[in-house]
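Take a look at the structure set out below.
No experiment lies behind these values; they were computed from the predicted model shown.
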Amino acid sequence: MTINTFDDIPAVNDRDTHGKRIYHKVFLLKEDDVNYSRLPAIDDSARTCEEFVLKANADGWKCFSYVRNTLEETSESSKGDITSTVTNTFSGTLGGSRPVIDRFIENHQGDNFFIGYIDIYSGKKYILGRPYSPMQLTAFKRLNGKDSASCDTTFTNESFFQPLEYLGNFPLNPEDDGMGSEE
């Protein structure tokens, strides 16, 4: 019989509770690109995930430069009579009315992705989704009018899994230290 224990959760300072911690560059990897015969090692006690191994013909990680301070990662749960429901959400705003955005939302609604991002204060990389439980592009709202030319995208999944520190690499440009300037 496994006994589930839990740890003390100490108080933190304002820097640790401050919003806007997520770097504006987000990295998406299509689930179809992952080599499922060589799954990354996940250490639940250390809350880490090793690098994903990609298929030989994979496109690999793609960088999405979201509008600064629009990224949000949330997880909500509620207990029902029989079981619990969980909804993990990642959303943000892509700036402009551009063909590259239009192609993405036309061709990938409902597709599954692993999402990586960087915490700008710690420099740690995080991943949303796990093998067989990726995030899915479930909604978008494209605007091109007097108030904004942009597209809000929303990715969700309904697993209990929370983000893990990602020990792999994201395709940052050599001149970009991961905390680069707005493009």
Side-chain angles (χ1 to χ4, degrees), residues 1-6 21-66 71-80 82-92 94 100-120 122-140 151-174 176 178:
M1 175 182 208
T2 302
I3 298 174
N4 290 326
T5 63
F6 59 96
R21 294 178 63 102
I22 302 174
Y23 179 48
H24 74 281
K25 287 190 179 176
V26 171
F27 304 91
L28 272 64
L29 177 64
K30 291 188 311 189
E31 182 184 33
D32 293 344
D33 283 354
V34 173
N35 182 347
Y36 270 103
S37 68
R38 297 178 56 202
L39 294 177
I42 293 174
D43 183 338
D44 280 316
S45 62
R47 308 279 320 143
T48 59
C49 177
E50 295 288 335
E51 187 160 15
F52 279 90
V53 176
L54 305 182
K55 293 176 181 174
N57 61 346
D59 287 335
W61 292 97
K62 298 297 181 186
C63 179
F64 282 50
S65 292
Y66 280 84
L71 295 171
E72 188 166 67
E73 185 253 311
T74 62
S75 185
E76 296 182 29
S77 176
S78 63
K79 175 71 175 118
I82 298 172
T83 189
S84 297
T85 60
V86 176
T87 302
N88 300 307
T89 304
F90 186 86
S91 61
L94 294 165
V100 67
I101 295 171
D102 294 341
R103 276 192 300 276
F104 178 73
I105 61 177
E106 283 177 2
N107 295 309
H108 296 289
Q109 176 71 16
D111 284 357
N112 296 320
F113 296 91
F114 298 100
I115 301 174
Y117 67 85
I118 301 171
D119 180 309
I120 61 173
S122 70
K124 291 181 180 180
K125 297 170 285 191
Y126 290 93
I127 190 157
L128 301 171
R130 292 194 189 188
Y132 303 108
S133 185
M135 302 295 286
Q136 184 176 71
L137 178 61
T138 54
F140 64 84
C151 183
D152 296 330
T153 58
T154 302
F155 298 84
T156 61
N157 79 8
E158 296 180 349
S159 77
F160 278 87
F161 298 130
Q162 299 300 303
L164 296 171
E165 183 178 353
Y166 186 61
L167 302 178
N169 293 308
F170 297 135
L172 293 170
N173 293 328
D176 189 347

I would like to know whether Phe155 and Ile115 meet side chain to side chain contact (heavy atoms under 4.5 Å, CB included); could you show each step before the answer? CA-CA 9 Å; Phe155 298 84; Ile115 301 174; 3.6 Å; yes

Walk me through it: do Ser75 and Gln162 pass the test side chain to side chain donor-acceptor pair (under 3.5 Å)? CA-CA 8 Å; Ser75 185; Gln162 299 300 303; 3.0 Å; yes

By the definition ring-ring contact (aromatic ring centres under 6.0 Å, His included), identify the one residue from Phe27, Phe104, Tyr117, Phe90 that meets it with Phe64.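 Of all the options given, the one that passes is Phe104.
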
Going through the checks in order, is the side chain to side chain contact (heavy atoms under 4.5 Å, CB included) test met by His108 and Arg103? CA-CA 8 Å; His108 296 289; Arg103 276 192 300 276; over 6 Å; no

[X] side, atom [atom1]; [Y] side, atom [atom2] - distance, nearest 0.5 Å:
| X | Y | atom1 | atom2 | value |
| --- | --- | --- | --- | --- |
| Trp61 | Leu29 | CH2 | CG | 4.5 Å |
| Asp59 | Leu28 | CG | CG | 12.0 Å |
| Lys25 | Leu71 | NZ | CG | 13.0 Å |
| Phe160 | Arg130 | CZ | CZ | 12.5 Å |
| Asn88 | Ser159 | CG | OG | 5.0 Å |
| Ile118 | His24 | CD1 | NE2 | 10.0 Å |

Can you name the nearest heavy-atom pair linking [X] to [Y], along with the distance?
| X | Y | value |
| --- | --- | --- |
| Ala58 | Leu54 | CB-CB, 3.8 Å |
| Val86 | Ser77 | CG2-OG, 3.8 Å |
| Cys151 | Ile105 | SG-CG2, 3.9 Å |
| Asn169 | Glu51 | N-OE2, 3.7 Å |

For the residue pair Thr89 / Glu73, report whether a side-chain donor-acceptor contact shorter than 3.5 Å exists.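 There is no such pair between these side chains.
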
Short side-chain donor-acceptor distance under 3.5 Å, Thr87 and Thr156: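 Not at all, the side chains of Thr156 and Thr87 share no donor-acceptor pair under 3.5 Å.
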
Do Ser84 and Ser78 come within less than 4.5 Å of each other through their side chains, counting heavy atoms only?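 Counting from C-beta outward, Ser84 and Ser78 never come under 4.5 Å.
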
Tell me, do Asn157 and Pro134 make a side-chain contact under 4.5 Å, heavy atoms counted?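 In short, these two side chains do not touch, never coming nearer than 4.5 Å.
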
Using modelled atom types only, decide if a donor and an acceptor are shared between the side chain of [X] and the backbone of [Y] within a distance under 3.5 Å.
| X | Y | value |
| --- | --- | --- |
| Asp33 | Lys55 | no |
| Asp119 | Lys124 | no |
| Glu76 | Thr74 | no |
| Lys125 | Gly168 | yes |
| Asp44 | Arg47 | no |
| Gln109 | Thr138 | yes |
| Tyr166 | Phe52 | yes |
| Gln136 | Asn112 | no |

Would you sort out whether Val53 and Val34 count as a side chain to side chain contact (heavy atoms under 4.5 Å, CB included), showing the intermediate values? CA-CA 6 Å; Val53 176; Val34 173; over 6 Å; no

Given Ile42 and Thr48, is the side chain to side chain contact (heavy atoms under 4.5 Å, CB included) satisfied, shown in steps? CA-CA 6 Å; Ile42 293 174; Thr48 59; over 6 Å; no

With Asp32 via salt bridge (charged side-chain N to carboxylate O under 4.0 Å, His left out) - residues at least two apart: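 For Asp32, no residue satisfies salt bridge (charged side-chain N to carboxylate O under 4.0 Å, His left out) once neighbours in sequence are set aside.
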
Return the set of residues passing ring-ring contact (aromatic ring centres under 6.0 Å, His included) with Tyr132 (not counting sequence neighbours), or none when no residue passes.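 Tyr132 satisfies ring-ring contact (aromatic ring centres under 6.0 Å, His included) with Tyr36 once adjacent residues are dropped.
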
Partner of Leu164 under side-chain contact (heavy atoms from CB on, under 4.5 Å), chosen from Ile127, Asp43, Leu128: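 So, applying the side-chain contact (heavy atoms from CB on, under 4.5 Å) to Leu164 and each of Ile127, Asp43, Leu128, only Ile127 qualifies.
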
